[in-house]
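Reading through the structure tokens given below for one structure.
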Amino acid sequence: MSIESIQPKLIIHGGAGLCLRDKDGKERVRTVLLGIVQQIYDLLLEGSSAVDAVIKGCQLLEDEPRFNAGTGSVLQSDGQIRMSASLMDGTNQSFSGVINVSRVKNPIYLAQELQKQSDHILSDYGAAELLRELNIPIYDPLTDLRLQEWMEERKHNFSSKTAGVIAERTGTIGVVALDNQGHIAAGTSTGGKGLERIGRVSDSAMPAGNYANAFAGVSCTGIGEDIIDECLAAKIVIRVTDGLSLAEAMEKSMAESRSRNRELAAIALDHQGNIVWGKTSEIVLAAYHNGKAMGDSLDATPTESMGRY
Ligand code: GLY
């Protein structure tokens, strides 16, 4: 197969968790996700690199207030927003990210910048300093809805395990792309699980939650602690690298996660153009373009654990 004939592939997600509240909500999420898939897939068709497509896709998802990343991030136990994001370029096998950054519109841009620097992952103070160095304007990602939700949780003395019970609140966002040169990249961004104590570190800026190499790329969503305990993204990618098919790697990893009662989901694609999602949660808000058509995971039943395209 000549290099020119590689067909781009794309999968994105807007979180995982319990089922969406209503049918209207589901259709709105579907419209948003498919709109972003179309926009990013068009860029890939125009020759955009997988890395650039992932950054743009993450930015669009971060800017969509219904998802828990960038604008619309959930609040932590002290009522503050602290976001985490990472980018992995599968070709160079290079990971970069920010942990617990505040007052910025698009954390994914910091992860992008850190690909070029010798220090690849920065946390709170360092990330704030980088923002200043880059002259990125201060931005408050808080929405009225998130503040109301936090006030409601406060009334109940923050007794919930996470900041919400619907997928749009408990998740992260993520993008995995294969470009027309056969390169893979993955990006993930989150406001965290919500209501966490100060200093808690999310999986989204760790290889457990976001990983890619020349063979495959994965972005995870769900409860960060569960994803870290499974080392999910890196595990799926390594399994593909060592010879399992993408579907086998996802299936095995989800079966293991389920046996340990994990609450998580993942999206993935490989260098051959296979696309899959997997979940132990009731729902994952995933959408894809497989080169022929777009589709999504929103009609999957709560017990369905995988989709492949
Ligand atoms: N998966 C997002 C988080 O738990 O922080």
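For this chain, numbers begin at 1 and follow the sequence in order. Each ligand, and each atom within it, is numbered from 1 in the order the structure gives.
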*Does ligand 1 have a heavy atom under 4.0 Å from the side chain of Arg200, from its backbone, from both, or from neither?*
side chain
*asked:* With respect to Ile227, determine whether any N or O atom, backbone or side chain, lies less than 3.5 Å from an N or O atom of ligand 1.
replied: no
*Can you list the ligand 1 atoms lying under 4.0 Å from a non-hydrogen atom of Gly224?*
1 (N), 3 (C), 4 (O)
*Is there a donor-acceptor pair under 3.5 Å between the side chain of Glu248 and the backbone N or O of Ser245?*
yes
*Would Glu230 and Arg262 count as a salt bridge (Lys or Arg N to Asp or Glu O under 4.0 Å) if you check the C-alpha gap in whole Å, the side-chain angles of each, and the deciding distance to 0.1 Å?*
CA-CA 9 Å; Glu230 292 298 323; Arg262 311 295 194 198; 2.7 Å; yes
_Ile223 versus ligand 1: do any nitrogen or oxygen atoms come within less than 3.5 Å of each other?_
no
*If you count the atoms of ligand 1 from 1 in the order shown, which ones are under 4.0 Å from a heavy atom of Asp203?*
1 (N), 2 (C), 3 (C), 4 (O), 5 (O)
_Side chain to side chain, Ser253 and Leu232, heavy atoms closer than 4.5 Å_ = yes
*Which atoms of ligand 1 have any heavy atom of Thr190 under 4.0 Å away?*
2 (C)
*Mind checking whether Leu33 and Asp296 have side chains closer than 4.5 Å, heavy atoms only?*
no
_Using a strict threshold of under 4.0 Å (side-chain N to carboxylate O), is an ion pair present between Lys193 and Glu196?_
no
*Which of the atoms of ligand 1 are close to Thr172, meaning less than 4.0 Å from one of its heavy atoms?*
1 (N), 2 (C)
_Which residue is it: Val54, Thr188, Val175, Val98? I am looking for the one with a side-chain contact (heavy atoms from CB on, under 4.5 Å) to Leu87._
Val54
*What are the atoms of ligand 1, with element, lying closer than 4.0 Å to any heavy atom of Ser202?*
2 (C), 3 (C), 5 (O)
